[in-house]
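Since the structure is predicted, the reported quantities are computational estimates derived from the model, not experimental observations.
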Amino acid sequence: MAQITLTLPDGNARQYDAGITAGDVAADISSSLGKKAISATVNGQHYDLRWPIDSDATIDIHTTKDRAPALELVRHDLAHIMARAVQEIWPETQVTIGPVIKDGWYYDFDRAEPFTPDDLATIEARMKQIINARDDVRTEVWDRDRAIQHYKDKGEPYKVELIESIPGDEPLRMYWHGDWQDLCRGPHLQNTGQVPGDSWRLMSIAGAYWRGDSSRAMLQRIYGVAFTNKEDLKSHLTMLEEAAKRDHRRLGREMDLFHMQEEAPGQIFWHPNGWTIYTALQDYMRRKQRADGYVEVNTPQVVNRKLWEDSGHWDNYQDHMFIVEVDEEHAREKTVNALKPMNCPCHVQIFNQGLKSYRDLPLRMAEFGSCNRYEPSGALHGIMRVRGFTQDDAHIFCTDDQIIAETEKFIKLLASVYADLGFDNWTIKLSTRPEKRIGSDESWDRVEAALGDACKAAGYDFELLPGEGAFYGPKLEFTLTDAIGREWQCGTLQVDPNLPDRLDASYVAPDGDKHRPVMLHRAVLGSFERFIGILIESHAGKLPFWLAPQQVVVATIVSDADDYADGIVAALRKAGIRARADTRNEKINYKVREHSVAKVPVILALGAREVEERTVTVRRLGEKQTQVVALDDIIASLVADATPPDLR
RNA sequence: GCCGCAUUAGCUCAGUCGGUAGAGCACAUCAUUCGUAAUGAUGGGGUCGGGGGUUCGAAUCCCUCAUGCGGCACCA
C-alpha cells in the first residue's frame, strides 16, 4: 500500500496509507477530534470525512466550531432531510435539486398537488423525527450507467437528466440518510443527529422552473433558513421583521407619500409628501449635473414606430413597449406609435439636428426622461419595479479617445452624489463582452480596457463580470449597500457605438470628414422611483432633513399659543422650510405621537411659557430629550439643516 | 409571463357548518386647554375586488377576469 503525506495546518506532516479518510485521520490525531469532526478541507476542497485521500495533501479538520463549513453542512444536510421528509409523507413526490443558498437552502420538488403553508409544519415535524433518529449517513461512488438505470427504474427523469449533464470524468456519488437515497456531490455530516434541532425553519413555498428555464416544468420550491445555533436563527428572523417594518410600500402609506391602484398597475400616484421628496431629489440632481457640464433636454413620449425600427427597439424590445395605435377616426392614416421605453433614440435626434463638430464633443445631454416599459406582471414590486418611471438619464456623445476621461468624470460625479445621499459603501462591476455581440474583438479590447482604466484613474477598484455586457458594448454597474446591508444596483455606464451608427449620428472631425461618435448611456440614481424606494427603506422613513417632506410641525399645547404658532410657521416658510402648524385641540402627547409616526424630523412645541419667552421647545425625531431654544436661533439652525448637501 | 397565496369600512384584520357583516385605529360631533409617543363620550361609514354559475339562500362553494403579495423567469 502506497504511503502519502498529509500536512496539518500547524505544519506537522503525518504518513498514512493512501486511501485513508479524513475521518480516520481525525480519530488518529485524537479520539475527541474524531468524535467532534464534521468535515475537512483537503487541498482547498471541502471534503467529506468518508472520502478516501489518495495522494499527498494539506488537510484541515473541521468541527462544529468552524462556522463556514459547519453552516454549509448543516444547510446541505437539512436540504436532504427535508427532501426525505417530503418523500416519506408524499411518496409520489419527485425530488430534483436542493442547494445551499445565502442563509439557508431550498429544494425543488415535482408533485401534482401544491404544498400548502400547513404542510410546512407537517414537514418540519417529520424532519425533527429524522434528526432525532440520528440516522447514519453513508456514501458510495456509482458508475453512470448504474445511476441512470437506477433513476430510470424509479421513474425519476429529473435525476436522469441531472446525471446526464454531469461531466463524464466526475465521480457520481450517492448518499443515504437512513434508507433514503439521493444523488449528491457532498460532503455531508456523519449522521442526521448532528443537525441542530432548533436553529432552522422552513420559510416559504414558491414556484421555480426546472433548471431555471421558463420553457420547462414549473416545480415547487420550499425555502428554509438554517444556522448553527438558535441565537443566529433568532437574529435572522428579527432582521426580517426589521426589513418588513422599513418596507417602502408600508411607509409610503404611513407617511402619505404615494399610492398605486389597479387601474394603473406599475404606475405611481405621487401624493404631495412623496412628490416633495421627488422634486427635492430631482432639483439636487439637476444642480449636480449642470455643475458637471451637462445640458438638459426634453423629448417626446409618443414616438412613431419608424424611429423604434431604426433604433432596433422594434425588433428587440417590442414585447416591453406600450404600443399606441391612433385609429382612422382621428387620423387620416392609421399610425403606430410606442411610448418611449428609453430616451437614447430621441437624444440622438437632438444630436442630429444641425452639423456637429469635434469641437462640440463631448456633448453631455441629460434628460429626466419619463419612460414606460411594459414589464411582466410578475416583475412589478411597489415603486421599485414599475412600468412608468423617470430616469436621471444622460448620453454623452464623444470620441473613442474621450471615453476614459468622460467615464472618470462620471464616476466622480456618482461618488459625490452617493456620498451626499449617505451611501458611502458602494462597488463597481465591469461587465465584459457577451457571446452574442457585435463589433470587432479589437474594439472590445480597447473599450473594456478604457472602462477599467477610468475606474483606476478615479481611484476605485472593480469586480469583473465576464460575459455580462450588452451586445453592443461593455458596461459599468454601480452597486450601493443600504443601511441594513442590502445591495442595490443603481448607477450604470454603458459604452454604445451601435446606436449612433443605426441612427446615423456623426460629427465633423479635424480632418474635415464625418465620423461616428460613441454614446455613453449613464445614470447615477437609475430611476427616481426606485431610488426613492431605496432611500425610504434605508432610512426607515427617517429621511435626511433636506429631503423630508414635512420638515417641521409647530404643535401647540394650549390654544393661547395658536397665533404664536402661525407666526412661526409663516417665518419658517419664508425661510424655505416645509413647516405647518398643528393647533388642533389635542394633547401634546397625541400630537407628538402622530407626527413621530409620520416621521416628521422636528416638532416645535409651544405652551404658555414659550409664548411668554419667545422661545420654542425642540423635539427631534428619535430623541426623547427636548431643548428650549430662542426663536431666531432655531430658524437659523433649521435653515442650515435644510440646505441640500451640494449647496453647503 | 409561470407556480402558489391573497383581496371584507380610509388602514390593520376577525367572520365557525352556506342563513344576509364585526373589532381596533382613522373620520365627524360634543366635552376637555392639557408640557412631549394614543383624553373621554356619542355618531356616521361596507353591492364583502369585477363578472358569471351552483343553491330556497353565497363574504363563505365552483368558473373566470383583474390587482396585490412571495418566489421563478425577465431586466435588448
### Task
Apply side chain to side chain donor-acceptor pair (under 3.5 Å) to A/N589 and list each qualifying residue two or more places apart in sequence or on a separate chain.
none

Report, one pair per line, the protein and nucleotides 40-44 of chain B atoms (nitrogen or oxygen only) whose separation is under 3.5 Å.
none

Distance-only check: which donor-acceptor pairs under 3.5 Å involve side-chain atoms of residues 466-478 of chain A, not counting sequence neighbours?
{"unit_1": "A/Y472", "atom_1": "OH", "unit_2": "A/Q494", "atom_2": "OE1", "d": "2.5"}
{"unit_1": "A/K475", "atom_1": "NZ", "unit_2": "A/E477", "atom_2": "OE2", "d": "3.4"}

Could I get a table of every N or O pair under 3.5 Å where one atom is in the protein and the other is in nucleotides 24-28 of chain B?
none

Show me the protein contacts with nucleotides 8-15 of chain B, counting only N or O atoms at under 3.5 Å.
{"unit_1": "B/C11", "atom_1": "O3'", "unit_2": "A/R253", "atom_2": "NE", "d": "3.3"}
{"unit_1": "B/U12", "atom_1": "OP1", "unit_2": "A/R253", "atom_2": "NH1", "d": "3.4"}
{"unit_1": "B/U12", "atom_1": "OP1", "unit_2": "A/R253", "atom_2": "NH2", "d": "3.3"}

## Note on the structure
Applying salt bridge (Lys or Arg N to Asp or Glu O under 4.0 Å) to A/R584 and not counting sequence neighbours gives A/D582, A/E594

## Note on the structure
residues 518-537 of chain A vs salt bridge (charged side-chain N to carboxylate O under 4.0 Å, His left out), sequence neighbours excluded, gives A/R486-A/E537

Polar atoms only, N or O, under 3.5 Å: list the protein pairs with nucleotides 74-76 of chain B and their distances.
{"unit_1": "B/C74", "atom_1": "O2", "unit_2": "A/R385", "atom_2": "NH2", "d": "2.9"}
{"unit_1": "B/C74", "atom_1": "N3", "unit_2": "A/R385", "atom_2": "NH1", "d": "3.1"}
{"unit_1": "B/A76", "atom_1": "N6", "unit_2": "A/H313", "atom_2": "NE2", "d": "3.0"}

### Task
List for me each residue that meets salt bridge (Lys or Arg N to Asp or Glu O under 4.0 Å) alongside A/R620, sequence neighbours excluded, and say none if there are none.
A/D641

Each nucleotide N or O in nucleotides 2-7 of chain B that has a protein N or O under 3.5 Å away: list the pair and distance.
{"unit_1": "B/C2", "atom_1": "O4'", "unit_2": "A/Y209", "atom_2": "OH", "d": "3.3"}
{"unit_1": "B/C3", "atom_1": "O2", "unit_2": "A/G207", "atom_2": "N", "d": "3.2"}

### Message
Give me the stems containing RNA chain B, sorted by first residue, counting only three or more consecutive Watson-Crick or G-U pairs with both distances under 3.5 Å; say none if there aren't any.
### Response
B:1-7 with B:66-72, B:10-13 with B:22-25, B:27-31 with B:39-43, B:49-53 with B:61-65

#### Entry: Those residues of residues 429-438 of chain A lying under 4.0 Å from RNA chain B by at least one heavy atom
none

